[in-house]
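Reckoned from all heavy atoms, side chains included, excluding hydrogens, waters and symmetry mates.
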Amino acid sequence: MTRLFPVLSHAEDETAMSYVSRLAALHGKQVQTFCAELGLRLSGIATGKKADMEVLSDLTNTPTEQITRSSPVFLDDENYRLGASRFPKSAMRRGRVFVCPRCIAADFSSDVNAGAGTSAYERAIWRLAAIRTCHVHDVRLIELTPNPGACDDFAGLIASNLPSIMAAAQSAERVQASALEHYVARRLSNPEAVNDMLEFDLYSLIKFCELVGALSLKGSDVAARAMTEDDWRAAGDAGFAVLRQGLSGLTTFVRAMWENYRDVKVHNQRAQAVLGILHEWLRRETDGRAPLRALIYEAVLHVLPVGPRDVVFGRAVSTRRLHSIYTAHKQYGIHPKRLRKLLARLKIIPADHASRSDHTCVFDAGSAEPTLEKIATSMSLAEAGAYFGAGRAQMKVLFDRGLIKPFIPGGEDGLGTHAFAKADLDNFLLKLSTGAVARSRAAEPICTIPDAARRANRRIDEVVAAMLDGRLQWRGRLGSSRSFGSILVHVEEVRRVLSDPPPDGVPVGRLHERLSTTQAAVAFLVSSRRFRAREAMNPVNRCPLAVVAESEIAGFMSAYISVRELARTRGTSVRTLNAQLRAASVTPEIGDRKSGAAFFRRCDFVGV
């Protein structure tokens with residue numbers, strides 16, 4: 001093929017349409033006429049058709065790959081390719097031309113001998129709607145006023161808009177390009193040098209960052225149509241900063257959105273409401289969005305109390321990671337007010353839970369699951385008694401003695417009743433009935449625990465404690481019942497194992513036998529404080545019993561002798577001995593006419 005002469009050098013980031021337009025200007029022709037004369041299809045150049053690109057390559061001796069890399073290539077009715085990245089039509093500027101005034105001015109100043117319209121060229125990146133600022137000069141891109149019937153003639157547009165372009169280049173306000181715009185420029189111009197976030201489709205990354213930033217800056221209810229170009233630029237910058245931090249950054253973002261959203265005090269706390277336009281965009285099934293969807297899906301599960309019945313970004317949630325008081329109430333059927341108090345007592349929810357609603361007070365679902373199961377099946381003391389098959393008085397004794405314990409005590413922090421876990425009660429009954437022999441009926445000496453306690457004159461809690469620690473070996477069960485009232489024990493074993501030791505001393509009621517005197521005399525000795533009686537427990541009926549220490553009795557008997565014992569040692573009667581003692585004017589050391597108490601000093605009768 002005959003090559004074109006003269007030609008212009010193709011800039012590496014120049015679109016094919018710009019290059020053709022400059023060549024037409026160089027040869028003093030309209031771009032449509034120029035293409036027709038050379039056998040180029042303008043529509044093919046505009047859409048990056050391979051055949052037309054190859055013709056242009058041959059005419060200008062420019063590599064086809066170089067021209068194609070910097071030109072939008074039509075893929076299908078909905079998509080273009082720019083460089084190695086796919087972009088939907090909505091992401092491309094079609095029919096509108098934006099330029100950086102300082103880039104254009106720099107083009108002219110670098111080629112002073114070139115004719116007007118042949119020096120300035122269109123950068124491929126300007127075709128992207130997301131590029132609003134020049135990353136080289138930090139000024140806003142400006143839109144060129146179109147020429148009627150010459151929208152594809154870039155050189156002609158530059159010539160007709162040159163005064164306004166140069167004025168803008170002089171007066172342009174400095175607007176720093178966003179980090180997102182810098183990243184897009186690097187990835188388009190030199191993708192080999194970019195090593196971060198390559199797993200994300202470029203268009204999806206851009207859109208994701210803009211939506212994340214819009215939510216961060218404007219809130220959950222932001223509407224895309226209300227955003228200005230400057231708003232979108234700032235949003236892209238903010239969103240890019242979030243995405244660069246990966247999962248941790250997105251988790252922080254979702255948590256901030258949720259914290260701000262819940263202040264509105266509305267009940268719809270699902271991801272759709274919190275993430276608004278981002279959720280709407282991500283729920284649409286498009287391959288390029290899948291990695292980003294998966295990443296923020298994880299962030300949502302780290303922050304929001306979503307579970308198996310929820311759908312996030314069009315994807316059903318399979319595993320719950322967080323519960324709120326509301327979701328736990330719905331799942332386990334626990335009243336939210338009681339649930340809040342119990343979780344606060346167990347320190348599962350934060351100390352500032354009072355400032356959070358049932359929908360927004362969240363906690364780890366996995367670690368709390370056993371506790372929630374316990375709470376869901378927990379009972380008050382009265383309910384536990386009904387479940388146990390035990391009376392209220394019996395349950396109170398077992399509770400007061402610490403044999404059954406609530407896993408959350410009541411009476412504090414507004415929690416009115418104790419919470420007894422069903423699993424703990426089942427375990428308690430299992431311990432009592434382990435090894436039990438099945439019986440069809442109970443007949444003495446085989447009795448239920450309450451009957452055996454009554455017959456052995458022992459408390460129920462003592463019998464139960466002896467069963468739990470293994471002192472009571474035999475146990476039975478009425479039929480197949482598993483209630484407390486169906487458990488059987490052997491009364492005689494209860495009496496033997498739980499018998500009390502004899503009191504340390506002699507009961508006052510039997511002291512007269514030791515002293516060889518009357519009970520009335522003993523009563524006199526105790527009342528006159530000759531003996532110090534102390535209270536002990538009767539080992540038979542467990543009633544209070546007054547006893548005197550053996551040491552006191554021995555000391556008294558070594559010092560004193562009763563008139564009865566004295567008469568017995570002398571082989572005479574008490575009457576005869578009393579007559580002899582009166583005749584000899586011998587009076588008792590301890591005597592009381594009313595009770596008949598008469599005790600003499602033992603030493604006075606030694607050898608007599």
Side-chain angles (χ1 to χ4, degrees), residues 73 75-76 78-92 125 128-131 178-216 220 222 224 232 235-258 270-272 274-304 306-308 310-322:
V73 177
L75 297 178
D76 53 46
E78 298 296 329
N79 297 286
Y80 282 85
R81 185 182 74 243
L82 184 59
S85 300
R86 177 202 58 84
F87 292 90
K89 290 194 298 186
S90 60
M92 306 296 294
I125 196 172
L128 295 179
I131 303 301
S178 68
L180 175 62
E181 290 170 317
H182 279 284
Y183 176 83
V184 173
R186 291 199 313 275
R187 189 153 160 181
L188 284 178
S189 63
N190 191 12
E192 293 79 10
V194 177
N195 54 17
D196 57 330
M197 296 186 286
L198 292 175
E199 67 272 24
F200 304 131
D201 169 74
L202 184 56
Y203 163 71
S204 298
L205 179 148
I206 294 170
K207 191 68 175 179
F208 183 85
C209 290
E210 289 182 340
L211 294 175
V212 166
L215 290 168
S216 296
S220 296
V222 62
W232 282 121
D237 200 37
F240 186 74
V242 170
L243 184 59
R244 292 196 74 169
Q245 298 175 58
L247 180 59
S248 64
L250 287 171
T251 301
T252 302
F253 158 72
V254 175
R255 180 171 289 109
M257 292 303 303
W258 192 52
R270 298 180 185 274
Q272 297 95 307
V274 176
L275 297 178
I277 57 176
L278 177 63
H279 186 281
E280 181 65 20
W281 181 74
L282 281 175
R283 74 180 182 84
R284 299 171 190 156
E285 287 297 331
T286 303
D287 291 342
R289 304 175 193 183
L292 291 162
R293 183 188 299 114
L295 189 61
I296 196 169
Y297 176 86
E298 285 296 312
V300 168
L301 263 58
H302 276 79
V303 177
L304 269 64
V306 292
D310 294 309
V311 176
V312 177
F313 308 127
R315 176 179 173 184
V317 178
S318 59
T319 304
R320 180 180 292 280
R321 297 184 187 177
L322 290 177

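- Counting all heavy atoms, side chain and backbone alike, Ser189 lies closest to Pro191 at C-CD, 3.7 Å.
- Shown here are the salt bridge (charged side-chain N to carboxylate O under 4.0 Å, His left out) partners of Asp201, two or more places apart in sequence or in another chain: Arg86.
- Put simply, CD1 on Ile131 and NE2 on His182 are 10.0 Å apart, with the number rounded to the nearest 0.5 Å.
- Rounded to the nearest 0.5 angstrom, Leu128 CG and Tyr80 OH are separated by 13.0 Å.
- Under the ring pair (Phe, Tyr, Trp, His ring centres under 6.0 Å) criterion, Phe87 pairs with no residue, sequence neighbours left out.
- Distance alone, capped at 3.5 Å, is enough to place a donor-acceptor pair between the Arg289 side chain and the Trp281 backbone.
- Partners of Phe200 by ring pair (Phe, Tyr, Trp, His ring centres under 6.0 Å), not counting sequence neighbours: none found.
- How far CD1 of Ile296 is from CG of Leu301: 11.5 Å, rounded to the nearest 0.5 Å.
- Here the shortest heavy-atom pairing between Val317 and Gly307 reads CB-O, 3.1 Å.
- The side-chain heavy atoms of Cys209 and Leu205, taken from C-beta on, include a pair separated by under 4.5 Å.
- At least one side-chain heavy atom of Trp232 sits less than 4.5 Å from a side-chain heavy atom of Leu211.
- Considering all non-hydrogen atoms of both residues, Asn79 and Pro88 come closest at OD1-CA, 3.6 Å.
- Contact annotation: the side chain of Leu282 approaches that of Phe208 to within less than 4.5 Å [non-hydrogen atoms, C-beta and beyond].
- Note that CG of Leu292 and CD of Glu199 are 8.0 Å apart. Values are rounded to the nearest 0.5 Å.
- In this structure, Tyr297 has no ring pair (Phe, Tyr, Trp, His ring centres under 6.0 Å) partners at least two apart in sequence or on a different chain.
- Residues passing the salt bridge (charged side-chain N to carboxylate O under 4.0 Å, His left out) test with Glu181, sequence neighbours excluded: none.
- What you find for Glu298 and Leu247 is that their closest heavy atoms are CB-CD1, 3.7 Å.
- Here the closest non-hydrogen pair linking Ala130 and Ile206 is CB-CG2, 3.4 Å.
- Here Met257 contributes atom CE and Leu215 contributes atom CG; the two are 4.5 Å apart, rounded to the nearest 0.5 Å.
- Taking 4.5 Å as the limit, every side-chain heavy atom of Val303 sits out of range of all side-chain heavy atoms of Val274.
- Here Gln245 pairs with Ser248 under the side chain to side chain contact (heavy atoms under 4.5 Å, CB included) rule; sequence neighbours left out.
- Proximity of Leu180 to Leu243: side-chain heavy atoms (C-beta onward) are nowhere separated by under 4.5 Å.
- Closest of all the heavy-atom pairs between Arg81 and Leu75 is NH1-CD2, 3.7 Å.
- Residues satisfying the ring pair (Phe, Tyr, Trp, His ring centres under 6.0 Å) test with Phe313, not counting sequence neighbours, are His279.
- For the salt bridge (Lys or Arg N to Asp or Glu O under 4.0 Å) condition, the pairs that include at least one residue of residues 185-196, sequence neighbours left out, are Asp196-Arg244.
- Residues that satisfy the salt bridge (charged side-chain N to carboxylate O under 4.0 Å, His left out) test with Arg320, not counting sequence neighbours, are absent from this structure.
- The salt bridge (charged side-chain N to carboxylate O under 4.0 Å, His left out) test applied to Arg315 returns no partner, not counting sequence neighbours.
- Side-chain atoms of Arg321 do not come within 3.5 Å of backbone N or O of Val300 as any donor-acceptor pair.
- For Asn195, there are no side-chain hydrogen bond (donor to acceptor under 3.5 Å, both in side chains) partners at least two apart in sequence or on another chain.
- Residues that satisfy the side chain to side chain contact (heavy atoms under 4.5 Å, CB included) test with Ala179, not counting sequence neighbours, are Asp237, Phe240.
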